[in-house]
Amino acid sequence: MFSKILIANRGEIACRVIKTARKMGISTVAVYSEADADALHVEMADEAVLIGPAPAAESYLVIDKIIDAAKKTGAEAIHPGYGFLSENAEFAKALDRAGIRFIGPNIDAISIMGDKIESKKFANEAQVSTVPGYLGVIGSTDEAIKIASDIGYPVMIKASAGGGGKGMRIAWSEDEVAQGFESSMNEARSSFGDDRVFIEKFITEPRHIEIQVLADKSGNTIYLGERECSIQRRNQKVIEEAPSPFLDPETRRAMGEQAVALAKAVQYESAGTVEFIVDKERNFYFLEMNTRLQVEHPVTELITGIDLVEQMIRVAAGEKLKLTQDDIKLDGWAIESRIYAEDPFRNFLPSIGRLVEYRPPEEEVKGGLTVRNDTGVYEGGEISLYYDPMIAKLCTHAPTRELAIDHMADALDGFRIRGIQHNVAFLAAVMMQDRFRDGRLTTNYIAEEFPDGFSGAELKESDRLWLSAIAAFMHSKDVARRFAVEGQAFEREAEKSFEWAVSVGVQKVIAIVALEENGATVSIAEDIDSANQYTIESAWSPGDATIEARVNGTDVLVQSDRHMEARTLSYRGTKNDFYVRTPRAADLSVFMPEKVAADTSKFLMCPMPGLVVSINVEEGQEVKAGEALAVVEAMKMENVLSAERDAVVSKILAKAGDSLAVDEVIMEFE
Ligand code: ADP
Ligand code: ADP
Ligand code: MG
């Protein structure tokens, strides 16, 4: 076994690998860029080597610098994590030459599977079912149109070198093929330096289901069940689970056996993933093989009890698998939510900045329920625009799917992040949707369920009432403490009971609060003849951001933020401003002038912090609705900002290369 390994990655996956290495008694070396000097993976590793400036192209992607770091520290092997150099055959070759072991598969497997056209041909030969389509490079638009009509619409145009959801276009007609062919080629050229594209059938109502495989150098190859990753936005995964609610044992076995056949055909070793797309009749088709540890591997670990990183390290060190296919038992259900630094309220645009608060729920295994949180950040740390926007992977495991979902909803309620925008509320909202709970998933789920974007889950009537009680309870505690601080000890009965008007939106209730030692009894009345009683048990005190309470016997976690006069309560994806006032103040509040939002329609403002790649128009130019005005890059994504309506550009305030803050004005219109 190795005595020291280097991790050629950053963030949560570097931390994840270090944890297992440490458990196995292996010393660890981290590499880091200047932007990551204070990062968690640097702190966790036994040693750390600075490898260059912030941009990945000058640090995490420079093969020589990583090999130098390994030589300098005497690391015998390198784990590449995912992304960066993990699927780079040149990297594996360079390590070979340097006499350093690559913790991953052999070079040929990486090269063959790294190319979508080659891997599809290869899978075809190995009798693996592939998406119907054309298995060659397409030379011209005319050829593309002919092939598309042979396949039958709709079709998908894909970059052979593609990855991370880039370079893919769906086309339903000849016009769309012509357009998609050009733009897919352009994107492939600029993202991967390789403009080969191909066309295959677009599977409608598809589900993304993938098989985890594990193999050693002696040809022992097994599969560890599947993961369903159908909840995606921009073809990128957001929520994953294992097993899939859609597979029956026969389909699982058939997919597993094909995945193993493919792995054997490339003499695969280490952990890898064979991705399939599955249609509504449970026909499944090979998409691609990822020759690395997958982001969503924890859900497989949770249902199999197998540490995949440990297996990868053992295989790389030359050990044989001790597991056989019969040892693989799937136990219970696991769900992963990817917590991203992005704003679900603004079309999931990335967000950067300081993590003013970062309080994940506690990791624990209790009563058959597990919470696991893989993360690489810490409170006070910075989310920079140089790397990908994932903050953490929150996983739960339980005996059944329903319990795993409930547990996830609870864990999300307790996940507190402030300082940047994040998608916790969005994830919680999905957990509460009937369609998700019923397992009726497709890769179009987010587009279909949130056609107008996400604006917070709707507050249910029953939740509104007890949340009003919580708001009234918190406000009473605040006021009672103020009495105490002002020296008027909490002694007279009158200071333990309060009457408030609580409003949220246009809804108003009267709350009578009787504070007790450890909570309160709150009576909520909507009109004169109906009142609901809420018994709140809670140790909450003013200053705590999250309130943990038992309300009429049910445990809840609610997050609270002060915003001017309001108390913003977040629960299960809902986020609402509650106003708690004396009944008299509430009556007067209707006379308060309403704030009018400023008119911003004459400006193009930067929707997220990022770098200006290009300004596509000039001062004085007339632009049409939909025309591209500027391109801004943030977190590895290029965002084209288009005109919302016809206009004339009067002034341009930014230029290519500028780094802009959110809402900074890029140009003005007449
Ligand atoms: P996974 O299947 O493990 O979620 P994907 O197939 O979605 O990974 O993406 C492939 C790799 O590309 C991942 O290892 C990920 O780190 C990286 N990646 C993710 N998002 C992006 C992006 N927007 N641009 C470039 N690479 C990305
Ligand atoms: P990447 O390398 O970018 O991960 P994939 O080939 O794995 O590319 O595709 C990413 C996602 O795009 C899949 O998870 C699926 O949602 C969708 N997709 C890819 N090919 C098809 C297809 N032929 N039909 C329908 N959806 C597809
Ligand atoms: Mg993929």
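First listed ligand is number 1; within each ligand, the first listed atom is number 1. Computed from a predicted model, the values in this text were never measured in an experiment.
The atom name of the N/O/S atom in E288 closest to the Mg ion (ligand 3) is OE2. Among heteroatoms of the N, O or S kind in E275, OE1 lies nearest the Mg ion (ligand 3).
When heavy-atom distances to ligand 2 are checked against a 4.0 Å cut-off, I277 comes that close only through its side chain, counted from C-beta outward. Of all the heavy atoms of I203, the ones lying under 4.0 Å from any atom of ligand 2 are found in both the backbone and the side chain.
Each of the atoms 1 (P), 2 (O), 4 (O), 5 (P), 7 (O), 8 (O) of ligand 2 lies under 4.0 Å from some heavy atom of E288. Proximity to N235 (heavy-atom distance under 4.0 Å) selects the following atoms of ligand 2: 12 (O), 17 (C). Atom numbering of ligand 2 starts at 1 in the shown order; those under 4.0 Å from a heavy atom of G162 are 2 (O).
Using 4.0 Å as the threshold, K116 has a heavy atom nearer than that to some atom of ligand 2. The closest approach between a heavy atom of K158 and any atom of ligand 2 is below 4.0 Å.
The shortest non-hydrogen separation linking F436 to I405 is CE2-CD1, 3.8 Å. Taking every heavy atom of both residues into account, T291 and A109 meet most closely at CG2-O, 3.9 Å.
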Table please: side-chain donor-acceptor pairs of residues 344-352 below 3.5 Å, with sequence neighbours left out.
from: R346; atom 1: NH2; to: D663; atom 2: OD1; distance (Å): 3.3
from: S351; atom 1: OG; to: Q421; atom 2: N; distance (Å): 3.0

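A distance of 12.5 Å separates CG of L441 from NE2 of H208, quoted to the nearest 0.5 Å.
Stacking of R440 on the aromatic ring of Y445 is not recorded, the 6.0 Å distance cut-off and the 45° axial limit not both being met.
Sorted pairs that involve residues 148-194 and meet ring pair (Phe, Tyr, Trp, His ring centres under 6.0 Å), not counting sequence neighbours, are lacking altogether.
Using a 4.5 Å cut-off on side-chain heavy atoms (C-beta onward), T273 and V213 make no contact.
In the candidate list E275, H208, Q232, Q232 is nearest to atom 16 (O) of ligand 2, counting heavy atoms.
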